[in-house]
Amino acid sequence: MNWYPRGYGGERRDPEQVKRDGWREMGVLAVSACDQRLNWAEKEFIRQIGEKLYGAASKTWR
């Protein structure tokens with residue numbers, strides 16, 4: 001029998017599943033302003049919210 005402390009070993013969730021669970025369980029939204037699933041207006045809205053809350057982003061991610 002293998003036993004691992006919590007957070008070690010076992011199955012690892014993919015990043016999209018972590019984001020989905022965070023939204024459903026805690027109402028936390030993690031989204032990239034470059035996500036291809038978003039249209040221009042949605043990306044711009046995300047960018048504006050990010051700048052309002054955290055200031056301007058670096059130009060390297062664009």
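Predicted model, so just to flag it, every value in this text is computed and none were measured. All values below come from the heavy atoms of this structure, side chains included, with hydrogens, waters and symmetry mates left out.
A side-chain donor-acceptor contact under 3.5 Å links Gln36 to the backbone of Cys34. Within the 3.5 Å criterion, the main-chain N or O of Asn39 finds a donor-acceptor partner in the side chain of Glu42.
Taking 4.5 Å as the limit, some side-chain heavy atom of Gln17 sits within range of a side-chain heavy atom of Arg20.
Tyr54 and Ile49 fall within a single hydrophobic cluster, where Ile, Leu, Val, Met, Phe, Trp and Tyr side chains are chained together by heavy-atom contacts under 4.5 Å. Hydrophobic clustering keeps Phe45 apart from Val31 (ILVMFWY residues linked when any side-chain heavy atoms are closer than 4.5 Å, directly or through intermediates).
Closest approach of Asp35 to Lys43, counting heavy atoms only: O-CE, 3.1 Å. Contact detail for Leu38 and Ser32: the closest heavy-atom pair is CD1-O, 3.9 Å.
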